[in-house]
Enquirer: 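Sharing a structure with you now.
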Amino acid sequence: MDNMILLDIETGDFDVDSGIYELAVLVIKDGRIIQSEHIAEVYDERIRHLGMGEGYKNISENQVMQERFQHIINTYQFPIVAHNVSFDRKFLVHYGWLEENYECYDSVRAIKYANPNLFSYSLEYLLNYYDIDLPLTHIAIDDVYALFEVIKKVDPKKWIPLYKVPPKKFNKFVEATANVEGESLVFQGRRLVFTGASPFPRILMKEIAAKCGAIVTGNVSSKTDLLICGEKPGSKLEKARELDIEIQTDEWFIDAVSKDLNLETATLTRQSVAATKETRYEKITYTKIPELRGKFVNIALLPFRIQKKVEDILINHMEVAGINRGTNGYKVDFIIHSDDREYVLLGKAKEMQIIAIPLSKFNRMILS
DNA sequence: CTCAGGACTACGCATAAGGA
DNA sequence: TCCTTATGCGTAGTCCTGAG
C-alpha cells in the first residue's frame, strides 16, 4: 500500500470520555512522506516530555483542530493506518472527527501477517526488533514517525481493512489427544453418540467411553444404544427420541465411568499444527544459536505469557543444557530478558560477564 | 487499570465418500 | 441400501492483545 495516512493520537485514558489531547498524521504518497501535521495545543511546555498527552490541552471539541484534521483527510482521501487502529478510530468517530465508514487499516495486523513469529507486536517491541534507533516518547508526532520507520522496514504486502476476514492460510490445525488410565466394561460393546456442549471436552469424553468398551460414533442411527446429551443439543436428540434410544446427560456419563476409572489422572494435550497441504504456510525453522548450546539460560525476566514459548524454543531448537525461571542461585551462562524494563540484575550480570540479551534481539537471532 | 475486534475453540449440520 | 466416517462450513462463546 503506497498511499496512506499514518495516524497516532494521545488521549487522557483508555476511555473515550477522557478525550483527545494530541493527533499526529503523516501523509504517505508513493511510500514517501509528503506532509506531516501535529494537531495539538501546548499548555505547559515543562511537562510535555512526559508524553501520553501531558502538557497538551484537550482538543476533543476544538473546532479548529478538527477542521485541520478533516482538511487533510478530505484533500487526500487515503486510507488511515494506525497501530491498533480501532482504538484511534473509536475516539475520532466518537467526537465526530471521522466518518464511521472511513477506510481504516491496522498496522499491527499487517505486520503480523508479514512476520507471524514475533513474541510481541507492540510498537516499542517492533522498534527494538527491527533495530530502529528512534525513541518511543508517546508524543504523537514522534510515535507516528516511529511507526512509519517500522512499516518501511517490514513493508507489509497484505493489508486487510478493519472488519474483513483474513486469508485462510494463517489458520492452524489443532490436534488434541486425550489419555485416560485404566479399563472398564460399563459400556462394553455399546454404541454411543455424543451431542450438545458439555464442560468436559468431547475428545476426553470419547477417550473415556472407548476405555469403557464403547464404540463411539458421530450420528444417531437404529444401531445406536445410548445418546449422551449435553447443553443445547441439536437434531441428534430429536432422532434419538424418534428411534426410542436411551438418552442420558453428560453428568450421568461421568458418574457412570468414574466408578471404575480414575479420572483425576486423565490428561488432555493440544498441539498446534501448521496448516499443510494446499497452503504455503511453512513450518517455522529457527536459526540455531551456537552460543546457547549446552548452556544454562535464565528467562526469569520475561513477560509471563512469553515464557513458555521461549522455553519451548530453547529446549527443542537451541539444545540448551537447562533453563531456570527463578533469579536465585542457579548456574547461569546466559540471560534473555524483557525489552521494556531496566533491571538491577543486568548490571550484576555484566560484572560477572554473563551474556544478557533482550527478547527482541533473541527473536531476531532465531528468525534471521 | 478498558474495550474492540481478531484469533481460537468447540460444537452442529450438510454432504460426500467408503463399507458391509 | 443402510450405516458410518471424513470434511468443510457456519456460529456462538471465550480468550488475547494492542492502544493511552
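The analysis underlying the following values was restricted to heavy atoms, covering all of them including side chains, and did not include hydrogens, waters or symmetry mates. By convention in this document, chain letters (A, B, ...) are assigned in the order of the sequence lines, proteins followed by strands, and residues within each chain are numbered from 1. Just so we're clear, the structure is a prediction, and the values are computed from it rather than from any experiment.
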Enquirer: Let's see if you can work this out: which of dG20(C), dA19(C), dA4(B) has an atom nearest to the side-chain heavy atoms of Ser122(A)?
Expert: dA19(C)
Enquirer: Take the protein atom CD1 of Ile59(A) and the nucleotide atom C1' of dG20(C), then report the distance between them rounded to whole Å.
Expert: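 Distance, rounded to whole Å: 14 Å.
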Enquirer: Let me confirm one number: the CD1-CZ distance from Ile299(A) to Phe362(A), rounded to the nearest 0.5 Å.
Expert: 9.0 Å
Enquirer: Around His71(A), counting heavy atoms of other residues, nucleotides and ligands shown, do more than 12 lie under 6.0 Å from its NE2?
Expert: no
Enquirer: Taking atom C1' of dA19(C) as reference, at what distance in whole Å does atom CG of Leu23(A) sit?
Expert: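 Leu23(A) atom CG is separated from dA19(C) atom C1' by 14 Å.
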Enquirer: For residues Ile336(A) and Val297(A), determine if any side-chain heavy atom of one lies less than 4.5 Å from a side-chain heavy atom of the other.
Expert: yes
Enquirer: Look at the side-chain N and O atoms of Arg109(A) and state whether any lies under 4.0 Å from the OP1 or OP2 oxygen of dG6(B).
Expert: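 Answer is yes, contact under 4.0 Å.
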Enquirer: With respect to the side chain of Arg305(A), which nucleotide from dG20(C), dA7(B), dG18(C) is positioned closest?
Expert: dG18(C)
Enquirer: Base, sugar-phosphate, or nothing: which does Asp13(A) touch, judged by heavy atoms less than 4.0 Å apart?
Expert: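 Base, at least one base heavy atom under 4.0 Å.
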Enquirer: Given atom CZ of Phe87(A) and atom P of dG5(B), what is their separation to the nearest angstrom?
Expert: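 Answer to the nearest Å: 13 Å.
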Enquirer: I'd like to check Pro79(A) versus Trp159(A) (side-chain heavy atoms, cut-off strictly below 4.5 Å). Are they in contact?
Expert: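 Result no, sub-4.5 Å side-chain heavy-atom pair not found.
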Enquirer: Rounded to whole angstrom units, what separation is found between the OH atom of Tyr105(A) and the P atom of dG18(C)?
Expert: 22 Å
Enquirer: Considering only side-chain heavy atoms of Tyr113(A), which listed nucleotide, dA4(B), dG6(B), dT2(B), is closest?
Expert: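 Nearest to the side-chain atoms of Tyr113(A), counting from C-beta on, is dG6(B).
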Enquirer: Whole angstroms only, please: what is the CD-C1' distance between Glu100(A) and dA4(B)?
Expert: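 Value for this atom pair: 13 Å.
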Enquirer: From the list dC3(B), dG6(B), dG20(C), which nucleotide is the closest neighbour of the side chain of Lys90(A)?
Expert: dC3(B)
Enquirer: Between Tyr121(A) and dG6(B), does any side-chain N or O lie under 4.0 Å from OP1 or OP2?
Expert: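 False: Tyr121(A) side-chain N/O out of range (4.0 Å or more) of dG6(B) OP1/OP2.
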Enquirer: May I ask you to say what Asp106(A) touches in the nucleic acid, namely base, sugar-phosphate or nothing, with a heavy-atom cut-off under 4.0 Å?
Expert: nothing
Enquirer: Whole angstroms only, please: what is the CD1-P distance between Ile111(A) and dG18(C)?
Expert: 11 Å
Enquirer: Rounded to whole Å, how long is the line connecting atom CG of Asp17(A) with atom C1' of dC3(B)?
Expert: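 Whole-Å distance recorded here is 13 Å.
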Enquirer: Write down the distance between CZ (Arg89(A)) and C1' (dC3(B)), rounded to a whole number of angstrom.
Expert: 13 Å
Enquirer: Scan Ser120(A) against the nucleic acid and name what it touches under 4.0 Å (heavy atoms): base, sugar-phosphate only, or nothing.
Expert: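 Ser120(A): backbone/sugar contact only, no base atoms under 4.0 Å.
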Enquirer: Is Met4(A) close to Ile151(A) at the side-chain level, that is, under 4.5 Å between some pair of heavy atoms?
Expert: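 Counting from C-beta outward, Ile151(A) and Met4(A) do come under 4.5 Å.
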